[in-house]
Amino acid sequence: MFKQASLKERKEFYEKEFNLKKVKSWLSKLPYKPQFFVIDMGSETKIIKDKSKIKKLIFFKPYLSLKKLREKLIKYLPEDVYYDRNIYKNPYKCLKNFNFNNAILTKNYFGQELAFDVDPENIKCPTCGKKAFPRFCETCLKMSIENGFELYKELKKQFNNVKIVYSGRGCHVHVLDKKAYKLSLKQRDKLNNKFKNFAIDPWVSYGKIRLIRMPYSLNALASRIVTPLKIKEIKEFNPNMRKFMPKFLQ
């Protein structure tokens, strides 16, 4: 059901289908504009244009325009596209002699978008019969979306601006309230303990894993478009809906 996208297919997507207007619309919902876009060229699929960069993340310069981002994506044909959830007091200091992994503990750190990652491999699937990694089926995928929706309802008791995004495999639940950006590691850990039964990856919401998939980019591991979901779409979710499928699969 899910296939890895070839370099030719990635090129076709980013040249002809990647929707900058939709990306801009998503970014406009964030209270703080992301400072860094980041790509992984192919560390999991090993389908990669430049094999010297197979285990490297590429950070683009701060505040790269969306037009320039598109040019970079067509040039590099990445497996994954992310934005950095961290907000830095001075992002230009981050590219030289800076440990991104411990950024949350530095004086240059301002805050981080709170997001929860719900993936099929965290679910005991009645169809797969085991945790679904590295492969997963439609059943555990739908179960991860359902878990994401239940988590969404719980978070709405505490926060105002919560969004669900289909990641191409499971889902991401984004909390876009300004106050959520200022949560400490201890407070984030407390939320993880509270919501641990929703099949979350706790290291994402804890704060030290700061990257999140860019909505409307291509998840090349599954050949699906990363897509924000409307609440009414949750109950009818099907990973083979046209809106999730790149044209090279249609």
Side-chain angles (χ1 to χ4, degrees), residues 1-15 17-18 23 34 36-60 69-70 72-86 100-101 115-123 125 127-128 130-145 147-148 165-174 199-227 239-240 244-249:
M1 182 174 67
F2 299 94
K3 68 177 286 293
Q4 297 175 349
S6 67
L7 292 177
K8 180 181 178 181
E9 289 166 337
R10 297 178 196 178
K11 188 173 189 290
E12 179 183 329
F13 176 82
Y14 286 112
E15 281 186 341
E17 198 172 351
F18 184 53
V23 174
F36 289 100
F37 297 123
V38 184
I39 62 170
D40 178 345
M41 290 184 64
S43 62
E44 291 190 66
T45 63
K46 305 299 187 292
I47 299 171
I48 187 168
K49 190 174 181 181
D50 182 350
K51 294 190 182 299
S52 69
K53 295 180 172 59
I54 197 163
K55 294 184 178 180
K56 298 177 181 178
L57 293 174
I58 298 177
F59 281 73
F60 299 128
L69 174 64
R70 183 184 199 137
K72 297 285 189 183
L73 299 182
I74 293 171
K75 176 183 177 181
Y76 289 106
L77 307 178
E79 177 181 279
D80 305 304
V81 183
Y82 306 101
Y83 67 85
D84 189 341
R85 293 182 293 134
N86 280 356
F100 277 95
N101 290 332
F116 294 84
D117 186 13
V118 185
D119 272 337
E121 62 260 34
N122 299 328
I123 291 171
C125 178
T127 301
C128 292
K130 58 183 179 180
K131 290 189 175 181
F133 185 82
R135 299 184 181 277
F136 56 97
C137 70
E138 192 168 330
T139 300
C140 52
L141 174 53
K142 287 183 177 180
M143 289 174 69
S144 67
I145 301 296
N147 270 270
V165 175
Y166 171 47
S167 70
R169 298 184 67 253
C171 69
H172 298 149
V173 184
H174 296 252
I200 63 171
D201 286 334
W203 46 88
V204 175
S205 35
Y206 178 63
K208 288 196 173 183
I209 301 296
R210 69 207 178 280
L211 302 182
I212 197 80
R213 284 190 186 276
M214 169 70 76
Y216 304 107
S217 66
L218 179 69
N219 182 333
L221 282 79
S223 291
R224 292 296 186 275
I225 301 171
V226 181
T227 308
N240 298 316
F244 306 138
M245 303 277 282
K247 290 181 180 177
F248 61 76
L249 290 183

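Given the structure is predicted, the values throughout are model-derived calculations rather than measurements.
By the side chain to side chain contact (heavy atoms under 4.5 Å, CB included) test, Ser6 pairs with Lys8, Glu9, sequence neighbours left out. Judged as a salt bridge (charged side-chain N to carboxylate O under 4.0 Å, His left out), and not counting sequence neighbours, Glu12 has no contacts. Residues passing the salt bridge (charged side-chain N to carboxylate O under 4.0 Å, His left out) test with Glu17, sequence neighbours excluded: none.
In this structure, Arg210 contributes its side chain and Tyr83 its backbone to no donor-acceptor pair below 3.5 Å. Between the Thr227 side chain and the Phe244 main chain, no donor and acceptor come within less than 3.5 Å of each other.
Side-chain contact between Phe18 and Val23: present, with at least one pair of heavy atoms (C-beta onward) separated by less than 4.5 Å. You'll find the side chain of Ile54 reaches within 4.5 Å of the side chain of Lys46, heavy atoms only. You'll find the side chain of Asp80 stays beyond 4.5 Å of the side chain of Ile39, heavy atoms only. Side-chain contact between His172 and Val226 is absent, with no heavy-atom pair separated by less than 4.5 Å. Residues Asn86 and Phe36 fail the side-chain proximity criterion, which asks for heavy atoms closer than 4.5 Å. Using a 4.5 Å cut-off on side-chain heavy atoms (C-beta onward), Arg213 and Tyr82 make contact. At least one side-chain heavy atom of Pro239 sits under 4.5 Å from a side-chain heavy atom of Glu138. Side-chain atoms of Leu73 and Pro78, non-hydrogen and from C-beta on, do get closer than 4.5 Å to each other.
Residue Ser43 holds its OG atom at 14.5 Å from NZ of Lys53, rounded to the nearest 0.5 Å. Expressed to the nearest 0.5 Å, how far CG of Leu249 lies from CZ of Phe2 amounts to 10.5 Å. Taking CD1 from Ile58 and CG from Asp50, the interatomic distance works out to 7.5 Å, rounded to the nearest 0.5 Å. Interatomic distance, CG of Leu69 versus CE of Met214, reported as 6.0 Å (0.5 Å rounding).
Shortest non-hydrogen contact noted between Ala199 and Ile123 is CB-CG1, 3.7 Å. The two atoms that bring Gly170 and Ser144 nearest to each other are CA-OG, 3.5 Å, heavy atoms only. The minimum heavy-atom distance between Gln4 and Ser223, with the atom names listed, is C-OG, 3.7 Å. Lys49 and Met41 make their closest contact through CB-CE, 4.1 Å (heavy atoms, listed as atom of the first residue, atom of the second, distance). The nearest pair of heavy atoms linking Gly168 to Arg224 is CA-CB, 3.8 Å. When all heavy atoms are compared, the tightest approach of Ser167 to Asn219 is O-ND2, 2.9 Å.
Between the side chains of Thr45 and Glu79, at least one donor-acceptor pair of N or O atoms lies under 3.5 Å.
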- Task: Tell me, with the steps shown, if Phe13 and Ile225 meet side chain to side chain contact (heavy atoms under 4.5 Å, CB included).
- Result: CA-CA 10 Å; Phe13 176 82; Ile225 301 171; 3.7 Å; yes

- After noting the C-alpha distance and the side-chain angles of Ile47 and Leu7, does the key distance pass the side chain to side chain contact (heavy atoms under 4.5 Å, CB included) rule? CA-CA 7 Å; Ile47 299 171; Leu7 292 177; 3.9 Å; yes

- Message: Run the side chain to side chain contact (heavy atoms under 4.5 Å, CB included) test on Cys171 and Phe116 for me, step by step, so that the C-alpha distance in whole Å, both residues' side-chain angles and the decisive distance to 0.1 Å come before the verdict.
- Response: CA-CA 8 Å; Cys171 69; Phe116 294 84; over 6 Å; no

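In summary, of the residues considered (Val204, Asp201, Asn147), a side chain to side chain contact (heavy atoms under 4.5 Å, CB included) with Asp119 occurs for Asp201 alone.
Residue-environment remark: NZ (Lys75) stays at or below the threshold of 12 foreign heavy atoms within 6.0 Å.
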